[in-house]
Participant: 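Handing you a structure now.
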Amino acid sequence: MSTVTFQGNPLTLEGQFPALNSKIKDFKLLANDLSPRTAKDYEGKVLVIVAVPSLDTGVCDMEVRKFNEKAASLSDDVKIVAVSLDLPFAQGRWCGAAGVKNVETLSDHYSAEFGKNYGILIKELRLLARSIFVYDKSGSLVYSELVSEVTHEPNYDAALDAVKKAL
């Protein structure tokens, strides 16, 4: 088990963080309209999974907005999804209010299986740790970041460089 901190206090992550070059782990998440999304839905694309604790927090809001802005200039071969434990309805409202159209928000609220399978479920808070996974078109993990302090932003430039190299 890995650890991250929240305002300097250590927290425990459940599961195993994926290793670089490992194949994408399947997942079942809910879109805003409650339809299921799995890894198969993104086959043949460079997939960027942005995991955040909650869209209703300042850092998460800013992070997903930044990825939304960057996504507009990326190839159609790139798909960016933001995953949280927020309810799909709340995610939909947030996207509408924030004007987010280039990032698909997906919910892991039902079972938190995505969080457990990707090693980013914060045991003490039942939230996802801030992290990024970039998979190339063949489904291999080419970049990942687990942000050690939950209240900090990720390294946007490194993630976007990995996306460009994966194209």
Participant: Would you check, one step at a time, whether the test side chain to side chain contact (heavy atoms under 4.5 Å, CB included) holds for Val100 with Phe67?
Facilitator: CA-CA 9 Å; Val100 168; Phe67 275 109; over 6 Å; no
Participant: Between Tyr135 and Ser22, what is the shortest heavy-atom contact and its length?
Facilitator: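 Smallest interatomic distance, heavy atoms only, reads CE2-O, 4.1 Å.
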Participant: Answer with yes or no whether the hydrophobic clustering places Leu29 together with Leu47; edges join I, L, V, M, F, W, Y residues whose side-chain heavy atoms lie under 4.5 Å apart.
Facilitator: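 Yes.
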Participant: Applying the side chain to side chain contact (heavy atoms under 4.5 Å, CB included) criterion to Val52, which one of Val83, Val64, Leu85, Leu128 satisfies it?
Facilitator: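 Considering Val83, Val64, Leu85, Leu128, a side chain to side chain contact (heavy atoms under 4.5 Å, CB included) with Val52 is found only for Val64.
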Participant: Go through the steps for Leu125 and Val150 under the test side chain to side chain contact (heavy atoms under 4.5 Å, CB included), then give the verdict.
Facilitator: CA-CA 12 Å; Leu125 302 175; Val150 175; over 6 Å; no
Participant: How close do Ala166 and Val46 get, counting heavy atoms only, and between which atoms?
Facilitator: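 Result for this residue pair: O-CG2, 3.8 Å.
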Participant: Could you see if Leu106 belongs to whatever hydrophobic cluster contains Leu141? Use Ile, Leu, Val, Met, Phe, Trp, Tyr and a side-chain cutoff under 4.5 Å.
Facilitator: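 Yes, same cluster.
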Participant: Where is the tightest heavy-atom contact between Gly115 and Asp108, given as atom of each residue plus distance?
Facilitator: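 Smallest heavy-atom distance, with atoms named: N-OD2, 2.9 Å.
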Participant: Just wondering, do His152 and Val59 contact through their side chains at under 4.5 Å, heavy atoms?
Facilitator: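 No, their side chains stay 4.5 Å or more apart.
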Participant: Tell me the side chain to side chain donor-acceptor pair (under 3.5 Å) pairs involving residues 88-97, sequence neighbours left out?
Facilitator: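 Counting only pairs at least two positions apart or across chains, the side chain to side chain donor-acceptor pair (under 3.5 Å) contacts touching residues 88-97 are Asn32-Gln91, Asp61-Trp94, Ser84-Gln91.
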Participant: Going by side chain to side chain donor-acceptor pair (under 3.5 Å), name the pairs with one or both residues in residues 154-167, residues two or more places apart or in two chains.
Facilitator: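 Listed once each, the pairs are Glu153-Tyr156.
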Participant: Using side chain to side chain contact (heavy atoms under 4.5 Å, CB included) as the criterion, list what pairs up with Glu43, not counting sequence neighbours.
Facilitator: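 Testing Glu43 for side chain to side chain contact (heavy atoms under 4.5 Å, CB included), a comparison that skips the adjacent residues, returns Lys40.
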Participant: Quick check on the hydrophobic clustering: are Val48 and Tyr143 connected, directly or via other members, by side-chain heavy-atom contacts under 4.5 Å?
Facilitator: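 Yes, because Val48 and Tyr143 connect within a single hydrophobic cluster, where side-chain heavy atoms sit under 4.5 Å apart.
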Participant: Not counting sequence neighbours, list each pair that qualifies as a ring-ring contact (aromatic ring centres under 6.0 Å, His included) and has a residue in residues 33-54.
Facilitator: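 Non-adjacent pairs meeting ring-ring contact (aromatic ring centres under 6.0 Å, His included): zero.
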Participant: Kindly state each residue pair satisfying ring-ring contact (aromatic ring centres under 6.0 Å, His included) with at least one member in residues 5-33, sequence neighbours excluded.
Facilitator: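 Qualifying pairs: Phe17-Phe133, Phe27-Phe114.
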Participant: Looking only at non-hydrogen atoms, find the nearest pair between Leu127 and Pro53 and report the distance.
Facilitator: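 Nearest pair, atom of Leu127 first, then Pro53: CD2-O, 3.6 Å.
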Participant: His109: what forms a side chain to side chain contact (heavy atoms under 4.5 Å, CB included) with it, not counting sequence neighbours?
Facilitator: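 For His109 the side chain to side chain contact (heavy atoms under 4.5 Å, CB included) partners, ignoring immediate neighbours, are Leu30, Leu87, Pro88, Ser107.
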Participant: Roughly how far apart are Thr105 OG1 and Leu55 CG, rounded to 0.5 Å?
Facilitator: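 Here the interatomic distance stands at 6.5 Å.
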Participant: Quick check: closest heavy atoms across Ile132 and Pro154, and the distance to 0.1 Å?
Facilitator: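 It is CD1-CB, 3.4 Å.
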Participant: With hydrophobic residues grouped by side-chain heavy-atom distances under 4.5 Å, do Val50 and Leu20 end up in a single group?
Facilitator: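 Different clusters.
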Participant: Using salt bridge (charged side-chain N to carboxylate O under 4.0 Å, His left out) as the criterion, list what pairs up with Lys116, not counting sequence neighbours.
Facilitator: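 Expected list: Glu113.
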Participant: Quick check: does any side chain N or O of Thr5 sit under 3.5 Å from a backbone N or O of Gln7, one acting as donor and the other as acceptor?
Facilitator: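 Judged by distance alone, no pair lies under 3.5 Å.
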Participant: For Ala162 and Val142, which heavy atoms make the closest approach, and how far apart are they?
Facilitator: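 Scanning both residues, the minimum pair turns out to be O-CG2, 4.4 Å.
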Participant: Working to the nearest 0.5 Å, report the span between CD1 of Ile80 and CG of Leu74.
Facilitator: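 Rounded to the nearest 0.5 Å, the CD1-CG separation comes out at 5.5 Å.
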Participant: About how many Å separate CG of Asn102 and CG of Asn68, when rounded to the nearest 0.5 Å?
Facilitator: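 Reported value, rounded in 0.5 Å steps: 4.5 Å.
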Participant: Please collect all side chain to side chain donor-acceptor pair (under 3.5 Å) contacts where either partner lies in residues 125-134, sequence neighbours excluded, each pair once.
Facilitator: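 Qualifying pairs, neighbours excluded: Glu63-Arg130.
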Participant: Could I get the full list of side-chain hydrogen bond (donor to acceptor under 3.5 Å, both in side chains) partners for Ser138, not counting sequence neighbours?
Facilitator: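 For Ser138, the residues satisfying side-chain hydrogen bond (donor to acceptor under 3.5 Å, both in side chains) (neighbours in sequence not counted) are Asp136.
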Participant: Under 4.5 Å between side-chain heavy atoms, counting indirect links through other Ile/Leu/Val/Met/Phe/Trp/Tyr residues: same cluster for Val81 and Ile24 or not?
Facilitator: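 Yes, it is one cluster - the side chains of Val81 and Ile24 are joined through contacts under 4.5 Å.
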Participant: Going by atom types only, do Glu124 and Thr12 share a side-chain donor-acceptor pair under 3.5 Å?
Facilitator: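 Yes.
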Participant: What salt bridge (Lys or Arg N to Asp or Glu O under 4.0 Å) pairs are there with at least one residue in residues 74-88, not counting sequence neighbours?
Facilitator: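 Non-adjacent pairs meeting salt bridge (Lys or Arg N to Asp or Glu O under 4.0 Å): Asp77-Lys137, Lys79-Glu104.
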Participant: Can you run down the salt bridge (Lys or Arg N to Asp or Glu O under 4.0 Å) pairs that involve residues 18-31, sequence neighbours left out, and say none if there aren't any?
Facilitator: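 Pairs touching residues 18-31 that pass the test: none.
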Participant: Can you check whether Leu13 reaches Thr3 side chain to side chain, under 4.5 Å on heavy atoms?
Facilitator: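 Contact flag for Leu13/Thr3 side chains = no.
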Participant: Who pairs with Ser35 by side-chain hydrogen bond (donor to acceptor under 3.5 Å, both in side chains), at least two apart in sequence or on another chain?
Facilitator: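 Testing Ser35 for side-chain hydrogen bond (donor to acceptor under 3.5 Å, both in side chains), a comparison that skips the adjacent residues, returns Asp33, Arg37.
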Participant: What do the steps show when you test Val4 against Val147 for side chain to side chain contact (heavy atoms under 4.5 Å, CB included), and what is the final call?
Facilitator: CA-CA 8 Å; Val4 293; Val147 180; over 6 Å; no
